[in-house]
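The block underneath contains the structure these notes are about, expressed in structure tokens.
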Number of protein chains: 2
Amino acid sequence: MTNEHAIDVALVEDNDLFRKTLSGVINRSPNLNCRHAFESAEKALRVMEREEWAPDIILLDIGLPGMNGIASISKIKSLSPASKIIMLTIHDDDDNVFRAICSGASGYLLKDASPHEIIHAMKSVLQGAAPMNAYIAKKVLDLFRKLAAPPAHYGLTGREKEILKLLVDGFSKKQIAATLFLSYHTVDTHLRNIYQKLEVHTRSGAVAKALKERLL
Amino acid sequence: MTNEHAIDVALVEDNDLFRKTLSGVINRSPNLNCRHAFESAEKALRVMEREEWAPDIILLDIGLPGMNGIASISKIKSLSPASKIIMLTIHDDDDNVFRAICSGASGYLLKDASPHEIIHAMKSVLQGAAPMNAYIAKKVLDLFRKLAAPPAHYGLTGREKEILKLLVDGFSKKQIAATLFLSYHTVDTHLRNIYQKLEVHTRSGAVAKALKERLL
DNA sequence: TATTAAATAGCGCATTTGCGTGATTGTCAT
DNA sequence: ATGACAATCACGCAAATGCGCTATTTAATA
């Protein structure tokens, strides 16, 4: 069932059985065409380079022998930026997930995914989505929550927050006064109160705290 | 098909048809029991409080009339911390997604999800996963990549980075000099170079840039 | 070998900052 | 009406900062 306008898929997977099974499933799907199935990232990269081949989608095993899975992503992305990469993995190897994401992978599935899921994932990446296994999504969310910490409240008043913003933007007291049409002394007083509430003694201390704890 | 050990589901959704359809689907599923279906978060909260009811799962529409969808999450979580919340939404309204996540939602689906998808999502949240629509996952990933941005490089030398760290931690020039066993003047010179490379003219400017662009 | 970059150190000075110690006005809830 | 807060304004001063200009030593690199 080859099709001129089929979605061009590359498969990189060292396990023979899994590779053959999956490429079979792909080729039996309408509009999907698995032109090559490689057993290593190196081989895939070689062919992509030699034939200037830019697959629509690359299904990439993260636990490949030889080249690091993460390194492969970068190489592939530099060789063919438009190709969408969907990672396949057995373990939900925590750390690699995030590095893969930052390297430019568009999707992240576990190998126990059903053929249907994988096919569906391939179609949705092409529509700009990022199919992700729910367990992996959980890890992403957890880290996300940690990064987006609770906007700690130090009892800053509206005016104080306003002035703190200008402080973060590098304004001097004189400039803040001019901007807000206030006396220099008023700004000075507000700064003192901000310092006290934030328990700092310098403007950089206040700026650091404001940025670290997202007080704006 | 009521079952003593069924998963206890609450549904909060203002659209009558959608609510009735979905609760029907849930109740026809083995091991799932939709005890109550509310049309507003207020009503759900009232019943949960009065009956001390802690559902296993709460399917929550984000676009409810009355109480804010995000606010509902917080209230529910404080009333029943163990309940898993799966958000349902029509639009992928960017901003709310992140706030919902940070408020403690465990899953995020679009309303066009198939009954099968929703059922499957409910089972996977209970196993500790975070089922997420691929389009929403994309948004999370994009923000994630931005947060874990490429540590912009301003040509700072090792010593300069070291001093910049101390700057962010609120040290004065004198303190930095003492810490690094350097002359006050040396620290001063380093600071000048840092300022020049970062294109700022104050220590708070440097601190802000360092934190905003993660130069440490 | 010559050049460049990094790290070190110094002097002088105008400006800015942080802080002690005040005060006045308006609002809002008790 | 009586505090409690928020927001405003003021003087003075020691300390810290930012910056112009200069200079030495070492390590790397062309």
Side-chain angles (χ1 to χ4, degrees), chain A residues 150-216, chain B residues 67-68 71 74-75 78 150-216:
Chain A
H153 193 46
Y154 287 90
L156 292 179
T157 69
R159 204 51 159 170
E160 284 162 359
K161 281 183 201 160
E162 196 174 359
I163 288 176
L164 184 54
K165 269 175 209 140
L166 295 175
L167 214 65
V168 169
D169 287 338
F171 285 63
S172 73
K173 284 195 272 196
K174 203 186 284 183
Q175 290 174 318
I176 294 176
T179 306
L180 300 180
F181 303 104
L182 289 175
S183 151
Y184 171 88
H185 303 291
T186 304
V187 176
D188 182 70
T189 304
H190 282 306
L191 276 194
R192 296 176 196 223
N193 295 331
I194 292 173
Y195 289 175
Q196 197 174 5
K197 289 178 180 175
L198 260 45
E199 298 174 274
V200 298
H201 304 277
T202 61
R203 52 202 300 105
S204 16
V207 169
K209 202 144 192 172
L211 289 173
K212 281 180 185 167
E213 313 196 10
R214 304 170 192 64
L215 304 180
L216 321 178
Chain B
M67 186 187 288
N68 183 323
S74 309
K75 288 258 171 77
S78 67
H153 195 45
Y154 287 91
L156 293 178
T157 69
R159 202 53 157 169
E160 285 162 357
K161 281 183 202 160
E162 195 173 0
I163 289 176
L164 183 55
K165 268 174 211 143
L166 296 175
L167 213 65
V168 169
D169 286 339
F171 285 63
S172 72
K173 285 195 272 196
K174 203 186 282 182
Q175 290 174 318
I176 295 176
T179 306
L180 300 179
F181 304 104
L182 290 175
S183 153
Y184 171 88
H185 302 291
T186 303
V187 176
D188 183 70
T189 304
H190 282 306
L191 274 194
R192 296 173 195 224
N193 295 331
I194 292 172
Y195 289 174
Q196 198 174 5
K197 288 178 180 175
L198 260 46
E199 297 173 271
V200 299
H201 305 277
T202 62
R203 52 203 299 105
S204 15
V207 168
K209 202 144 191 170
L211 289 174
K212 280 181 186 166
E213 314 197 11
R214 305 168 191 63
L215 305 180
L216 320 177

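C:dT8 atom C1' lies 15 Å from atom CD1 of B:Ile176, rounded to whole Å. The distance from atom CD of B:Glu162 to atom P of C:dA6 is 15 Å, rounded to the nearest whole Å. Rounded to a whole Å, the NZ atom of A:Lys173 is 16 Å from the P atom of D:dT8. Between the CG atom of B:Asn193 and the P atom of D:dC19 there is a distance of 12 Å, rounded to whole Å. At whole-Å resolution of the value, CD1 in B:Ile194 and P in D:dT17 are 13 Å apart. Atom OH of B:Tyr184 is separated from atom C1' of C:dA7 by 18 Å (rounded to the nearest Å). Here the C1' atom of nucleotide C:dT25 and the NE2 atom of A:His185 are 18 Å apart, to the nearest Å. The distance between atom CG of B:Leu191 and atom P of C:dG10, rounded to the nearest whole Å, is 16 Å.
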Would you list the protein and nucleotides 21-24 of chain C atom pairs, both N or O, that sit under 3.5 Å from each other?
unit_1, atom_1, unit_2, atom_2, d
C:dT21, O4, A:Arg192, NH1, 3.1

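A heavy atom lying under 4.0 Å from DNA chain D marks the following residues of residues 201-211 of chain B, by number: B:His201, B:Thr202, B:Arg203.
Comparing atom distances between the B:Ser172 side chain and each of D:dT8, D:dA16, D:dG18 picks out D:dA16 as nearest. Side chain of B:Thr186, nearest nucleotide from C:dT17, D:dA10, C:dT8: C:dT8. In the set D:dA7, C:dC11, C:dT8, the nucleotide with an atom closest to the side chain of A:Arg159 is D:dA7.
Residue B:Lys174 is classed as a sugar-phosphate contact, given heavy-atom separations below 4.0 Å to backbone atoms only.
Minimum heavy-atom separation, B:Ala206 to B:Val200: N-CG2, 3.8 Å. Closest heavy-atom contact between B:Arg203 and B:Phe171: NH2-O, 2.6 Å.
For the pair B:Tyr195 and D:dC19, the criterion of a side-chain N or O lying under 4.0 Å from OP1 or OP2 is not met. Between C:dT8 and B:His190, a contact under 4.0 Å exists linking OP1 or OP2 to a side-chain N or O.
In this structure, A:Lys209 contributes its side chain and A:Leu198 its backbone to a donor-acceptor pair below 3.5 Å. A donor-acceptor pair is defined here as one N or O able to donate and one able to accept, closer than 3.5 Å; no such pair exists between the side chain of B:Lys197 and the backbone of B:Leu156.
Ion pairing of A:Glu162 with A:Lys165 is absent here, as no side-chain N (NZ or NE/NH1/NH2) approaches a carboxylate O to less than 4.0 Å.
Between A:Leu182 and A:Lys197, the residue anchored nearer the 5' end of DNA chain D, judged by the nucleotide with its closest heavy atom, is A:Lys197.
Side-chain contact annotation: B:Glu213 with B:Tyr154, donor-acceptor N/O pair under 3.5 Å present.
Surrounding CD of A:Gln175 are more than 12 heavy atoms belonging to other residues, nucleotides or ligands, all under 6.0 Å away. Dense packing is recorded around NZ of B:Lys212, with more than 12 heavy atoms of other residues, nucleotides or ligands lying under 6.0 Å away.
When side chains are defined from C-beta on, A:Leu166 counts as touching A:Leu180, because their heavy atoms get closer than 4.5 Å.
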>> As a quick check of understanding, evaluate salt bridge (charged side-chain N to carboxylate O under 4.0 Å, His left out) for A:Arg192 and A:Asp188, giving each step before the final call.
In response: CA-CA 6 Å; A:Arg192 296 176 196 223; A:Asp188 182 70; 2.7 Å; yes
